[in-house]
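Here's the structure we're looking at; comments come further down.
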Amino acid sequence: MKFLVPALLMCLAPVTITQAASAQDLARGKYLVQITGCNDCHTPGYAQLGGEVDEAQWLTGEAFGWNGPWGTTYATNLRLRLQELSESEWIELAHTLKARPPMPWFSLNKISSADLRAMYRYIRHLGPAGQPAPAYLKPGIAPPPPFATFPAPPPGAVPPG
């Protein structure tokens, strides 16, 4: 009887189960991170160096700001962010995210759950590294360099949604 109460409590407690990453998961996740452009923004210097950045630096976020009518955004440190999320939370977030430019959230929303699982397992496999990206700045607040400025949409452009 003394074992019944802890066993019952374990059944009632929320449990997050993440399947161990197989070599196939990791290879698929790495491939997807490379071809979907994640590194282009989320890895410092990746685009400027033609992708020749040590994998140890991948997805550690970027202090380069993207400034426009929405304010200034920064590419999240995915290595830290995914440490905070379970696999199922990541999949839900990826399928429902609506983000400020230049994040192509509309493409992320369409990635299959199986591919998102592989990406999650690969990124978690890399382990936490780097610092959090700078916080979002509201419109009208001048960002510190470096940053790029996007013009307002052309007249008559209709935002999605």
Side-chain angles (χ1 to χ4, degrees), residues 6-7 9-68 70-138 141 143-150:
L9 290 175
M10 286 178 59
C11 292
L12 296 175
V15 177
T16 301
I17 298 173
T18 301
Q19 188 177 13
S22 69
Q24 184 177 3
D25 286 333
L26 298 179
R28 177 81 178 156
K30 180 177 182 178
Y31 169 75
L32 289 164
V33 162
Q34 289 176 297
I35 67 159
T36 58
C38 299
N39 279 318
D40 295 352
C41 292
H42 293 272
T43 298
Y46 193 85
Q48 300 93 314
L49 297 170
E52 297 299 321
V53 174
D54 188 331
E55 189 177 8
Q57 299 304 311
W58 285 16
L59 309 174
T60 56
E62 178 62 271
F64 186 89
W66 300 95
N67 178 262
W70 62 86
T72 305
T73 52
Y74 298 89
T76 302
N77 180 330
L78 296 175
R79 303 266 294 270
L80 297 178
R81 180 67 174 119
L82 267 59
Q83 297 300 313
E84 301 169 354
L85 300 173
S86 70
E87 188 172 285
S88 60
E89 289 170 332
W90 158 246
I91 292 168
E92 176 68 20
L93 174 67
H95 282 155
T96 61
L97 181 70
K98 305 288 186 258
R100 295 176 187 94
M103 177 62 195
W105 55 266
F106 39 86
S107 296
L108 181 65
N109 292 168
K110 294 179 174 109
I111 297 175
S112 74
S113 294
D115 284 345
L116 289 169
R117 262 186 222 92
M119 292 169 78
Y120 177 87
R121 292 172 185 176
Y122 170 70
I123 296 167
R124 290 283 302 244
H125 168 77
L126 290 174
Q131 300 298 314
Y136 161 73
L137 299 174
K138 293 180 181 179
I141 298 175
F147 65 92
T149 300
F150 283 79

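As a basis for the values below, the full set of heavy atoms in this structure was taken, side chains included, without hydrogen atoms, waters or symmetry mates. Everything quoted here is computed from the prediction, not taken from an experiment.
- Put simply, OH on Tyr122 and NZ on Lys30 are 5.0 Å apart, with the number rounded to the nearest 0.5 Å.
- Around NZ of Lys98, the count of heavy atoms belonging to other residues, nucleotides or ligands within 6.0 Å exceeds 12.
- Atom OG in Ser107 sits 11.5 Å away from atom CG in Leu97 (nearest 0.5 Å).
- Salt-bridge check for Arg28 with Asp115: passed, with a basic side-chain N closer than 4.0 Å to an acidic carboxylate O.
- Ring centroid separation for the pair Tyr136 and Trp70 does not come in under the 6.0 Å cut-off.
- Contact of the Thr72 side chain with the Ile141 side chain is not registered, since no non-hydrogen atoms from C-beta on lie closer than 4.5 Å.
- Smallest separation of non-hydrogen atoms from Ile91 and Ser113: CG2-OG, 3.6 Å.
- Counting only heavy atoms from C-beta outward, the side chains of Pro143 and Tyr74 approach each other to under 4.5 Å.
- Within 6.0 Å of the CZ atom in Phe150, the count of heavy atoms belonging to other residues, nucleotides or ligands exceeds 12.
- In terms of heavy atoms, Trp58 sits closest to Thr43 at CA-OG1, 3.3 Å.
- Residues Ala118 and Leu32 come closest through the heavy atom pair CB-CD1, 4.4 Å.
- Separating the CG atom in Leu26 from the CD1 atom in Ile123 is a distance of 11.5 Å, to the nearest 0.5 Å.
- A distance of 10.5 Å separates CZ in Phe64 from OG1 in Thr73, rounded to the nearest 0.5 Å.
- Listed for the Arg79 side chain is a donor-acceptor partner under 3.5 Å among the backbone atoms of Gly127.
- In Glu52, the CD atom is not crowded: 12 or fewer heavy atoms of neighbouring residues, nucleotides or ligands sit closer than 6.0 Å.
- What you find for Asn77 and Leu59 is that their closest heavy atoms are OD1-O, 3.3 Å.
- Side-chain contact check for Thr36 versus Leu108: every heavy-atom pair is 4.5 Å or farther apart.
- Residues Met119 and Leu82 are not in side-chain contact: their nearest non-hydrogen atoms beyond the backbone lie 4.5 Å or more apart.
- Atoms CG and CZ, from Asp25 and Arg121 in turn, are 4.5 Å apart once rounded to the nearest 0.5 Å.
- In this structure the side chain of Glu62 never reaches within 4.5 angstrom of the side chain of His42, judged on heavy atoms.
- The two residues Gln57 and Val53 come nearest to each other via the heavy atoms CB-CG1, 3.7 Å.
- Residues Thr60 and Pro44 come closest through the heavy atom pair OG1-CD, 3.4 Å.
- Looking at heavy atoms from C-beta onward, Cys41 lies out of side-chain contact with Met103 at the 4.5 angstrom threshold.
- A 4.5 Å side-chain heavy-atom check between Glu89 and Tyr120 finds every atom pair outside the cut-off.
- Side chains of Leu93 and Leu85 form a contact here, defined as non-hydrogen atoms less than 4.5 Å apart.
- Between the CG atom in Leu80 and the CD atom in Gln83 there is a gap of 7.5 Å [rounded to 0.5 Å].
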